[in-house]
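These numbers come from the heavy atoms of this one structure, side chains and all, not from hydrogens, waters or symmetry mates. Counting begins at 1 with the first residue of the sequence.
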Amino acid sequence: MTERMAAPVVATDARMAAQGLITALRQHGFTVIGPRRRGDVIALDEVRAVDDLPVGWTDEQEAATYRVVAGDGRSLFGYALGPQSPRRYLSPPRRTLWTGERIGLDFVIRTREPDPPSYAFLGIRACELAAIDVQDRVLRDGRYPDPDYSAARERAFFVGVNCAAPAPTCFCASMDTGPEVRRGHDLVLTELLEGGRHELLMEAATERGAAVLDAALDGVPWRAAEPRDVQAVHDIVAATAARMTRRLDPETARDTLAANLHHPQWDDVADRCLSCTNCTLVCPTCFCSSVEDVTSIDGERTERSERWDSCFTLGHSTLHGMGSVRADVRSRYRQWL
């Protein structure tokens, strides 16, 4: 890292610094993906300027409830989480694996080499980075890596934000996956809003993160972070964790589920579940996929595609000669959980 970027710095004008960061990322060849207010949701989309961010907006979430409401009027990242994750950019919902075409008496198959865009994800939370780590273990680091996903991950750049606005449904503190961004990022930001100031503490975690940060601060007023700034970040993270009233012990949860495979709760949920697959399609850690072939009516062309699948579909557990081994919603919900 450059000597200037070896320690955290504070940009004294948060909006100007955010604009400088977006500009620097675009100049480095990245398509910037960040939060944008789209009607009644804050969702990921391409961001070209700081005004694209949900400035001054927040969200209210509870079980079966989500709505966007006006916030403090200043914060760039003052919301919990939207209904999307980086998953759809790193592993698209549908992609063509190969196409085949009849040419005279021959049949020619054309494959496509991975050539994903270079995405920079702005405003990513620690829990989202933890979810990407799950995807990595399956799609990149496993025995059979997905070449498209691996290429997209190699190019991806992550600008994390320490969370200051947890939803009542959040529980990352008990899972050691937040609210502080500690791994998987190139840059990390913290909005400092106490009193009348609106500053952005910025810290690089990788060499390329330092290069982008160096470019982002060109012409932006900044200073070296002081102990009070670092303490402010710790206070924000601690306050966020303290606001989380929900807790989950993963080891206890695992043992409890394994000891209650026939509990009536499975039937209670199954009676209400539509098996619509929406939960798995928005889940940032789900990774199931299916392959299908489509042939043109005249038989001259065929295409093999991969698309997202869900363990809630009847065909997901179909085995040759046996049919679906999870024929009811109860068993499919239990498998998912």
W222 side, atom CH2; M202 side, atom CE - distance, nearest 0.5 Å: 11.0 Å
Side-chain touch I236/T190, heavy atoms, less than 4.5 angstrom: yes
Whether Y333 and F312 hold their rings parallel, tilted or perpendicular, with breakpoints at 30° and 60°: tilted
Residue pair R67, E62: steps toward the salt bridge (charged side-chain N to carboxylate O under 4.0 Å, His left out) verdict: CA-CA 10 Å; R67 67 173 181 168; E62 245 302 347; over 6 Å; no
Residues E306, R94; criterion side-chain contact (heavy atoms from CB on, under 4.5 Å); working and verdict: CA-CA 6 Å; E306 181 185 84; R94 188 179 188 90; over 6 Å; no
Exam field: side chain Q19 to backbone M16, donor-acceptor pair closer than 3.5 Å: no
Carboxylate-amine/guanidinium proximity below 4.0 Å for D136 and R140: yes
Ring centres under 6.0 angstrom apart (W57, Y79): no
Side-chain donor/acceptor of S91 to backbone N/O of Y149, under 3.5 Å: no
Point-to-point distance, once rounded to the nearest 0.5 Å, from CG of L200 to CG of D229: 11.5 Å
pair S174-D249: side-chain heavy atoms closer than 4.5 Å: no
Within 6.0 angstrom of R254 CZ, more than 12 heavy atoms from elsewhere: yes
Y89, OH atom: more than 12 neighbouring heavy atoms under 6.0 Å: yes
Crowding at CD, E251 (>12 non-hydrogen neighbours, <6.0 Å): no
L122 and L53: CA distance, side-chain angles, deciding distance, side-chain contact (heavy atoms from CB on, under 4.5 Å) verdict: CA-CA 10 Å; L122 173 64; L53 298 175; 4.2 Å; yes
For D51, the option from R37, R36, R15 that meets salt bridge (charged side-chain N to carboxylate O under 4.0 Å, His left out): R15
Residues R74, L193; criterion side-chain contact (heavy atoms from CB on, under 4.5 Å); working and verdict: CA-CA 8 Å; R74 295 187 298 161; L193 290 157; 3.8 Å; yes
Side-chain donor/acceptor of D52 to backbone N/O of R48, under 3.5 Å: yes
Neighbour count above 12 (heavy atom, 6.0 Å) for E300 CD: yes
Beyond-backbone contact of D148 with R95, side-chain heavy atoms, under 4.5 angstrom: yes
Side-chain (S75) to main-chain (G56) donor-acceptor, under 3.5 angstrom: no
Test: R87 cationic atom under 6.0 Å from W308 six-membered ring centre, within 45° of axis: yes
Within 6.0 Å of CG in D298, more than 12 heavy atoms from elsewhere: yes
Matching residue for R332 among C311, S275, C273, S317 - test: side-chain contact (heavy atoms from CB on, under 4.5 Å): S275
Validation row: S150, L139 side chains within 4.5 angstrom (heavy atoms): no
S310 vs T280, side-chain hydrogen bond (donor to acceptor under 3.5 Å, both in side chains): CA-CA, chis, key distance, verdict: CA-CA 6 Å; S310 170; T280 54; 2.7 Å; yes
Lys/Arg-Asp/Glu bridge criterion (N-O < 4.0 Å) met for D176, R182: yes
Other residues, nucleotides, ligands: >12 heavy atoms within 6.0 Å of F287 CZ: no
Check: D309/S289 side-chain N/O donor and acceptor closer than 3.5 Å: no
Heavy-atom check, side chain of R330 versus side chain of Q335, under 4.5 Å: no
Donor-acceptor under 3.5 Å (R243 side chain, A164 main chain): yes
L192 and H198: CA distance, side-chain angles, deciding distance, side-chain contact (heavy atoms from CB on, under 4.5 Å) verdict: CA-CA 6 Å; L192 304 176; H198 187 192; over 6 Å; no
